[in-house]
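Notes for the one structure printed next.
All of these numbers come straight from a predicted model, not from anything done at the bench.
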Amino acid sequence: MSDPSHRPGKVTPLTHLMTGIYYVHIALATVLIGAWGLVFQVLPKGRDGVHRVAGIWTQHLLTMARVYLGLRYELRGTPPQGDCIIAAKHQSFFDILILANHLPRRAFVMKKALLNVPVMGWFAHKAGCIPIDRSKGSEAMKVMLGAVEEARATHGLGQLIIYPEGTRVPPGEKRRYKQGVGVVAEATKLPVVPAATNAGLFWNKRGWPIRSGVAVTEFLPVIDAAGSAPQTLAAVEAVVEPRSDALMAEAGFELPKP
């Protein structure tokens, strides 16, 4: 039986109002923290300052989600500290905040267009995020691998977060895993840390409305990247999907029948 406190709350007119207020707060906080961080952290401390600002920003947004929306989270497993690949289930902007807040040198493989987002895009670039243009096909993969190797040779890769499905996928839906995680793991031989979540039950893909409750993100046992790219990808999918399904079931979600 699921814990009632971990179930998504009911949507009411107040839910919509508070969601709107929270988004206004996000915009203001992003500008203010970004400006403060640029002057007092990034300019004097470089990349270390960027990561400090990212930690402060994500912690603030997580705290305000609890204040405005009654949305909390539970983190399970142990966040890795060294260079590795995080192969994460992606349902929501909320799971981005959770991962980014608990990884000390986080970097994302992200759509190139996101670099154009004011403030956040600039900080993402400075933090070592790797933009890709999916329309380039195999060429995009070569560019990504080149960026990964350059990062490792200069300032260290950190915890590189890759979403194998390539986008946010609503709870209950399945999407084919893309090859990026396996290819990067095979090229770098870095350990792969899978991560499961049920965050999409509370903060959906559209982002509106945001429900109260307790979302869960869980770091799963490390996968050794000694095998081939297809083997690593299959191993990731074999643990991330059933564990995410189990987390959703804990929150009272009934998976569609096959």
Side-chain angles (χ1 to χ4, degrees), residues 2-9 19 22 26 54-55 58-59 61-66 69-80 84-104 106-111 114 129 159-178 180-181 191-223 233 235-256:
S2 62
D3 184 342
S5 70
H6 283 56
R7 288 174 174 261
T19 297
Y22 179 61
I26 287 178
T58 54
Q59 181 60 61
L61 296 193
L62 290 169
T63 299
M64 290 300 104
R66 184 175 70 248
L69 308 165
L71 175 59
R72 297 173 289 133
Y73 72 94
E74 177 184 339
L75 186 71
R76 300 178 186 175
T78 303
C84 66
I85 301 164
I86 309 290
K89 183 73 173 176
H90 188 24
Q91 296 180 337
S92 167
F93 184 63
F94 198 52
D95 58 62
I96 292 178
L97 291 177
I98 296 169
L99 287 177
N101 185 248
H102 288 276
L103 296 169
R106 81 293 286 166
F108 291 84
V109 171
M110 58 193 292
K111 289 186 290 188
L114 292 176
C129 292
Q159 299 82 43
L160 181 64
I161 302 164
I162 302 178
Y163 295 114
E165 293 163 296
T167 187
R168 288 168 293 178
V169 178
E173 293 186 17
K174 302 293 182 184
R175 185 169 295 212
R176 183 178 63 85
Y177 274 36
K178 300 181 183 298
V181 168
V192 178
V193 181
T197 193
N198 65 4
L201 297 176
F202 305 86
W203 186 328
N204 62 34
K205 182 176 181 178
R206 294 187 303 110
W208 194 286
I210 303 173
R211 298 169 178 248
S212 61
V214 181
V216 179
T217 288
E218 182 174 2
F219 291 105
L220 305 174
V222 176
I223 293 174
L233 191 65
V236 167
E237 186 171 6
V239 293
V240 169
E241 288 302 307
R243 189 58 196 149
S244 294
D245 289 347
L247 294 179
M248 289 187 284
E250 283 186 23
F253 181 73
E254 294 186 10
L255 294 166

Assign the ring pair W203 / F94 to parallel, tilted or perpendicular, where the plane angle (0 to 90°) is split at 30° and 60°.
->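 Rings of W203 and F94: parallel, as their planes differ by under 30°.
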Looking at [X] and [Y], what are the two nearest heavy atoms and their distance?
X: A195; Y: I86; result: CB-CG2, 4.3 Å
X: R211; Y: P8; result: CD-CB, 3.6 Å
X: P221; Y: P194; result: O-CD, 3.2 Å
X: A88; Y: Y163; result: O-CD2, 3.2 Å
X: A215; Y: A199; result: CB-CA, 4.0 Å
X: P164; Y: Y177; result: CB-CD2, 3.3 Å

Backbone N/O of L61 and side chain of Y22: donor-acceptor pair under 3.5 Å |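 Flag set: sc Y22 to bb L61 pair under 3.5 Å.
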Does N198 use its side chain to pair, donor to acceptor, with the backbone of V216 at less than 3.5 Å?
->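 Confirmed, N198 side chain pairs with V216 backbone.
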I223 and V239: side-chain contact (heavy atoms from CB on, under 4.5 Å), yes or no, with the steps?
-> CA-CA 10 Å; I223 293 174; V239 293; 4.3 Å; yes
Go through the structure and list residues passing ring pair (Phe, Tyr, Trp, His ring centres under 6.0 Å) with Y73, not counting sequence neighbours.
->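 Ring pair (Phe, Tyr, Trp, His ring centres under 6.0 Å) list for Y73, sorted by chain: H102.
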Output the distance between atom [atom1] ([X]) and atom [atom2] ([Y]), rounded to the nearest 0.5 Å.
X: S92; Y: N204; atom1: OG; atom2: CG; answer: 7.5 Å
X: Q91; Y: F202; atom1: CD; atom2: CZ; answer: 10.0 Å
X: F108; Y: Q159; atom1: CZ; atom2: CD; answer: 10.5 Å
X: M64; Y: Q59; atom1: CE; atom2: CD; answer: 9.5 Å
X: T197; Y: I98; atom1: OG1; atom2: CD1; answer: 5.5 Å

Determine which pairs satisfy salt bridge (Lys or Arg N to Asp or Glu O under 4.0 Å) with at least one residue from residues 161-175, sequence neighbours left out, and list them in order.
->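 Of all non-adjacent pairs touching residues 161-175, those that pass salt bridge (Lys or Arg N to Asp or Glu O under 4.0 Å) are K89-E165, K174-E241, K174-D245.
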Under the side-chain contact (heavy atoms from CB on, under 4.5 Å) rule, what do I96 and H90 come out as? Steps first, then yes or no, please.
-> CA-CA 8 Å; I96 292 178; H90 188 24; 3.6 Å; yes
What do the steps show when you test R106 against L99 for side-chain contact (heavy atoms from CB on, under 4.5 Å), and what is the final call?
-> CA-CA 8 Å; R106 81 293 286 166; L99 287 177; over 6 Å; no
Can you spot which of L69, L62, T63 makes a side chain to side chain contact (heavy atoms under 4.5 Å, CB included) with R66?
->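 The residue from L69, L62, T63 that satisfies side chain to side chain contact (heavy atoms under 4.5 Å, CB included) with R66 turns out to be T63.
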Applying side-chain contact (heavy atoms from CB on, under 4.5 Å), name anything that partners A196, two or more places apart in sequence or on another chain.
->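 Here the qualifying residues are L220, R243, S244, L247.
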